[in-house]
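Here's the structure, in structure tokens; my notes come after.
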Amino acid sequence: MRLLLATLMLGSAMTMPAAAQTIAYPKTEAGAVVDDAFGQRVPDPYRWLENDVRTDPKVRAWVTAENQVTDAYLATLPGRAATEARLKQLWNYERFGVPRKAGQAYFYTRNSGLQNQSPLYVRTGLGGAEKLLIDPNLWAKDGATALGEWEPSHDGTKLAYAIQDGGSDWRTVKILDVASGQTAADEIKWVKFSGLAWAKDGSGIFYSRFAEPAAGAEYQSLNENQQIYFHKLGTPQSADRLIYATPDRPKLNNAAQVSDDGRWLVITSSEGTDDRYEITLVDLSKPDWKPFTLIKGLENNWQLVGTQGTSLWFVTNKGAPLQRVVRLDAANPSAPPQQIVAEAKSTIDSATMVGDKLAIAYLVDAKSQVKLYTPDGKAAGEIALPGIGTLAGFSGEAGDPEAFYAFTSFNVPTSIYRYDSASGQATPFALPKVAFRPEDYEVSQRFFASKDGTKVPLFVVHRKGLELKGGAPTLLYAYGGFNISVTPSFSPANLAWMEMGGVFAVANIRGGGEYGKAWHDGGRLNNKQNVFDDFIGAGEYLIREGITTKDKLAIRGGSNGGLLVGAVVNQRPDLFAAALPAVGVMDMLRFDRFTAGRYWVDDYGYPSQEADWKILRAYSPYHNIRSGQDYPAIMVTTADTDDRVVPGHSFKYAAALQAARIGDKPHLIRIETRAGHGSGKPTDKQIEEYADMWAFIGKWTGMAAPAAGAAASGN
């Protein structure tokens, strides 16, 4: 491994980027669209780029022209081929998903390494022979059709699974017989943002769907009036039974899950992205399946933990900003919650019933810690984790002592463990063998003061012994929104960046959920500027500490993180050498008009309301490009089938960048085909995209290019 690291580098000295080459961008037509809003006129010259690339030949021609320019530029970058070769080596390791137990069967995904999609396997008994159930790699020649959600029936004899095509959020659901491996004729369409929940007797599944959209509007129309249906096996979808709908409140999302004992259908309703839910129950032991309200009002988080009889345990932030566990009584819905585990100093991230224990995962400065309790709240020990990292995917059921979980960190690929709650022992189920030494990398956590003095955590990861004198090329990542916590996790791509001598840094900025409700609230709505200030503060800290310099600092973020990158580049173009905004929300005045955009008003506010509009207008990346300033090198990335953040956001932003007077560094857009927001993207497309991104930011941060052919000597 040490020899490999030496051959990957051209030398110990970092080479600074050469002078920028002139790029002839495609000529983008600027229209005359001007919106009048609250007494202000706002030009939107590239409105036509919002049209669907699949149906508008003019937009499709623009995409083709932009990709040609980007591809031609990327082909000139040194070391790109060697970077891709090394990425393939690092990606080529066996990867397991967290097993789900049903009856005596264990279901799990396993990727041999470079398979575009992960096949699904089953074992009968923990030590039983492995049987291939589904191989999605056979579904499409380009590997872009993926296995989405899947769920075995309670006895493990049947499997419901969803098919995702081209990265879209839409799903088609099928039913498979586990013993024979045969797929039934059942087919359920127009499923989106849905779980798959089996009736205890295996007679059918509960699922959420939207109405079939108008032809040609599948990837852009707003998602409203989500309904819950029951599909009885062996019947057509047209015969499915409507279980729950809210036509008087069309903006509600309605999701269903069945309790482990099979008695309760628990329906969770929300209006946006905030953890503010209503809970409706259906007693499945009664023939009428009549819904009744357990929790009314969209005010607090209610995350189901488990059930026993008429008792239901939930994680909630009601009266506890860092969350607590309570018990409710379905037989007496008006009774107040009974506290089981009180709020602690750290945020509760999740909780699961395993055997006769409550397993509660806490976030301690964005790192996982797992504590055990009895169902009545008495402390019962901890689950020891291997180090600084993240526990994820904890699966188990009340009454069964067996459970599985994943552990990962920046230098530890996802490892699967089996936990026995009766003995308290955790044993490895699948530990990947990788083409690097995890102990060769150093993970540290630091804290810096943001603009308003708030202390913000920052993970810094790099090769041990890396010479930081004079600063190293550094990639800074963050998300900062929707109560999503960014915790330590492994990525072959980030490892490749560090192998080449780079530093990888993750800032746990406000807007996320790392410190509970207050941390989230501190970075949304009229507090959104705190998110940008925190990220800028992280960059300034890395420079101040000598870890990097302005000429060696790159930034990256996706989705809400793409918005983050676009906003901070406008606010501090002098601070960064290169930027990678991915699938970003770039037009903050029109985000709520497409697909899932209406959900995001919880974090962003309403463009239709003047107070919110003024805040959004002030930081919208598309509307605040500063002509006359020298901008960093920018490569926008998106995909033509992204129906979460429609690609028009990135198209318009890239066109505006290329039209502005913002210096001679490249401002490109890379548009993937047959891909979406990220989920289901084939392995080969991921490797190609990261090779392009690392070559791009490597050039503009002074990263020494890998030597041609060096990757072939890896172990």
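FYI, the numbering just counts along the sequence from 1.
Screening residues 120-131 for salt bridge (charged side-chain N to carboxylate O under 4.0 Å, His left out) gives R110-E130 as the qualifying pairs, with residues at least two apart or on separate chains. Within the structure, the ring pair (Phe, Tyr, Trp, His ring centres under 6.0 Å) test picks out no pair touching residues 117-158 (sequence neighbours left out). Under the salt bridge (charged side-chain N to carboxylate O under 4.0 Å, His left out) criterion, the residue pairs touching residues 271-281 are R249-E278, D274-R276, D274-R524, R276-D602, with sequence neighbours excluded. Pairs passing the side chain to side chain donor-acceptor pair (under 3.5 Å) check and including a residue from residues 349-358, sequence neighbours excluded, do not occur. Contacts classified as ring pair (Phe, Tyr, Trp, His ring centres under 6.0 Å) and involving residues 259-292 (residues at least two apart or in different chains) are given here: F206-W289, F230-W289. Within the structure, every pair that satisfies the salt bridge (charged side-chain N to carboxylate O under 4.0 Å, His left out) test and touches residues 409-418, not counting sequence neighbours, is listed here: E402-R418. Residue pairs satisfying the salt bridge (charged side-chain N to carboxylate O under 4.0 Å, His left out) criterion with at least one member in residues 420-434, sequence neighbours excluded, are absent.
In this structure, the side-chain contact (heavy atoms from CB on, under 4.5 Å) partners of D142, at least two apart in sequence or on a different chain, are A140, A144, R674. Take D201 and apply the salt bridge (Lys or Arg N to Asp or Glu O under 4.0 Å) test, not counting sequence neighbours, and it matches no residue. Taking N92 as the reference, nothing meets the side-chain hydrogen bond (donor to acceptor under 3.5 Å, both in side chains) condition, with sequence neighbours excluded. Scanning for salt bridge (Lys or Arg N to Asp or Glu O under 4.0 Å) contacts around K681 gives E689, with sequence neighbours left out. Listed by chain and number, the residues in a side-chain contact (heavy atoms from CB on, under 4.5 Å) with T316 are N300, W302, K318, R324, V326 (sequence neighbours excluded).
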